[in-house]
Student: 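There's a structure below that I have some questions on.
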Amino acid sequence: MRSLDARIDSVTAGRVTLSVPVVPATSQQHGFAHAGLTFALGDSASGYAALSQMPEGSEVMTVEMKINLIAPADGVRLWAHGEVVKPGRRLVITRCTVEVERADGSRRDVALLQGTMIPV
């Protein structure tokens with residue numbers, strides 16, 4: 001995520017918010033944030049949310065992740081709000097909402113993700 005200039009904006013138990021600027025290198029042909037950027041940010045926010053409920057020194061990996069792209073990401077920054085839906089010893093179920101921030105500061109949802117993480 002460092003190469004995308006992503007940042008961690010907030011962390012609480014079971015909830016993490018990440019954000020990333022939308023730049024030409026991560027945009028698609030219409031100038032919107034690429035779906036790959038949207039997915040990467042949502043997957044990472046979900047994974048960090050799962051990790052926030054595990055003992056220190058733990059790691060997680062994504063087992064499965066589903067994304068619904070619900071609107072074009074036509075803005076200057078993406079925000080991903082990941083949360084744990086059901087913590088488990090072997091599997092952790094997560095969900096994430098990704099929203100786009102426009103130049104005027106307004107935001108709207110652009111993607112919904114649901115996934116499964118596994119401690120490793």
Side-chain angles (χ1 to χ4, degrees):
M1 299 305 301
R2 183 174 295 150
S3 64
L4 298 173
D5 200 22
R7 68 181 190 206
I8 299 172
D9 294 289
S10 70
V11 178
T12 59
R15 294 179 185 268
V16 170
T17 297
L18 304 179
S19 67
V20 65
V22 177
V23 297
T26 59
S27 298
Q28 45 87 291
Q29 69 272 21
H30 301 290
F32 306 143
H34 195 281
L37 178 65
T38 304
F39 184 87
L41 192 67
D43 178 53
S44 292
S46 296
Y48 282 131
L51 196 57
S52 75
Q53 293 194 314
M54 295 182 183
E56 192 165 326
S58 298
E59 291 293 336
V60 298
M61 290 179 63
T62 303
V63 173
E64 171 273 333
M65 186 65 68
K66 159 102 169 81
I67 187 170
N68 287 101
L69 300 166
I70 59 176
D74 55 345
V76 297
R77 187 165 204 86
L78 291 181
W79 297 81
H81 309 282
E83 65 180 313
V84 172
V85 175
K86 182 174 186 320
R89 192 169 49 87
R90 294 192 185 261
L91 296 175
V92 179
I93 309 305
T94 63
R95 73 175 152 226
C96 183
T97 301
V98 180
E99 58 184 353
V100 68
E101 179 181 351
R102 295 193 176 120
D104 66 4
S106 65
R107 294 186 187 184
R108 75 170 176 167
D109 292 349
V110 296
L112 304 171
L113 293 88
Q114 180 172 308
T116 307
M117 303 290 167
I118 189 167
V120 291

Student: Among residues at least two apart in sequence or on other chains, which ones pass side-chain hydrogen bond (donor to acceptor under 3.5 Å, both in side chains) with T26?
Tutor: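 side-chain hydrogen bond (donor to acceptor under 3.5 Å, both in side chains) check on T26 returns nothing, list empty.
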
Student: Under the side-chain hydrogen bond (donor to acceptor under 3.5 Å, both in side chains) rule, what pairs show up with a residue in residues 83-92, not counting sequence neighbours?
Tutor: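 The answer is R15-E83, E83-R95.
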
Student: Starting at NE2 of H81, measure out to SG of C96 and round the result to the nearest 0.5 Å.
Tutor: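 Rounded to the nearest 0.5 Å, the NE2-SG separation comes out at 8.0 Å.
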
Student: Show which residues join F32 in its hydrophobic cluster (side-chain heavy-atom contacts under 4.5 Å, direct or indirect), or state none.
Tutor: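 Answer for F32: none, a lone residue.
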
Student: Show, in sequence, the C-alpha distance, side-chain angles and deciding distance for M1 and R7, and conclude whether the side-chain contact (heavy atoms from CB on, under 4.5 Å) test is met.
Tutor: CA-CA 8 Å; M1 299 305 301; R7 68 181 190 206; over 6 Å; no

Student: With sequence neighbours left out, which residue pairs that include part of residues 109-120 fulfil the side-chain hydrogen bond (donor to acceptor under 3.5 Å, both in side chains) condition?
Tutor: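 As it turns out, the side-chain hydrogen bond (donor to acceptor under 3.5 Å, both in side chains) pairs with a partner in residues 109-120, which skip direct neighbours, are E64-T116.
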
Student: Identify, with sequence neighbours excluded, every residue that meets side-chain contact (heavy atoms from CB on, under 4.5 Å) alongside P87.
Tutor: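 Testing P87 for side-chain contact (heavy atoms from CB on, under 4.5 Å), a comparison that skips the adjacent residues, returns Q53, V84.
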
Student: For residues 34-47, dump all side-chain donor-acceptor pairs below 3.5 Å to protein atoms at least two apart in sequence or in another chain.
Tutor:
| residue | atom | partner | partner atom | Å |
| --- | --- | --- | --- | --- |
| H34 | ND1 | G36 | N | 2.8 |
| T38 | OG1 | H34 | O | 3.3 |
| D43 | OD1 | T62 | OG1 | 2.6 |
| S44 | OG | A40 | O | 3.1 |
| S46 | OG | G42 | O | 3.0 |

Student: Taking salt bridge (Lys or Arg N to Asp or Glu O under 4.0 Å) as the test, write out the residues that go with D5, two or more places apart.
Tutor: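 D5 satisfies salt bridge (Lys or Arg N to Asp or Glu O under 4.0 Å) with no residue once adjacent residues are dropped.
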
Student: Who pairs with S3 by side-chain hydrogen bond (donor to acceptor under 3.5 Å, both in side chains), at least two apart in sequence or on another chain?
Tutor: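 Once residues adjacent in sequence are excluded, S3 has no partner under the side-chain hydrogen bond (donor to acceptor under 3.5 Å, both in side chains) criterion.
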
Student: For S10, what residues pass the side-chain hydrogen bond (donor to acceptor under 3.5 Å, both in side chains) criterion, not counting sequence neighbours?
Tutor: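 Checked S10 against side-chain hydrogen bond (donor to acceptor under 3.5 Å, both in side chains); matches are T17.
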
Student: With rounding to the nearest 0.5 Å, note down the distance linking CZ in R102 to CZ in R108.
Tutor: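 CZ of R108 is found 4.5 Å from CZ of R102.
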
Student: Does S52 reach the main-chain N or O of A13 with its side chain, forming a donor-acceptor pair under 3.5 Å?
Tutor: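 Absent.
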
Student: Check whether more than 12 heavy atoms from other residues, nucleotides or ligands sit under 6.0 Å from atom CD of E56, and answer yes or no.
Tutor: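 Open: at most 12 neighbouring heavy atoms sit under 6.0 Å from CD of E56.
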
Student: Among Ile, Leu, Val, Met, Phe, Trp and Tyr joined by side-chain contacts under 4.5 Å, find the other residues sharing a cluster with V120 and list them by chain and number.
Tutor: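 V120 clusters with M61, V63, L91, I118.
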
Student: Going by side-chain heavy atoms closer than 4.5 Å, which hydrophobic residues are tied to V76, directly or by a chain of links?
Tutor: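 Its cluster mates, by chain and number: none.
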
Student: Can you tell me how far apart CD1 (I8) and OH (Y48) are? Round to the nearest 0.5 Å.
Tutor: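 Rounded to the nearest 0.5 Å, the CD1-OH separation comes out at 5.5 Å.
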
Student: Please give the remaining members of the hydrophobic cluster of V85, linking ILVMFWY side chains under 4.5 Å, ordered by chain and number.
Tutor: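 Answer for V85: I93.
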
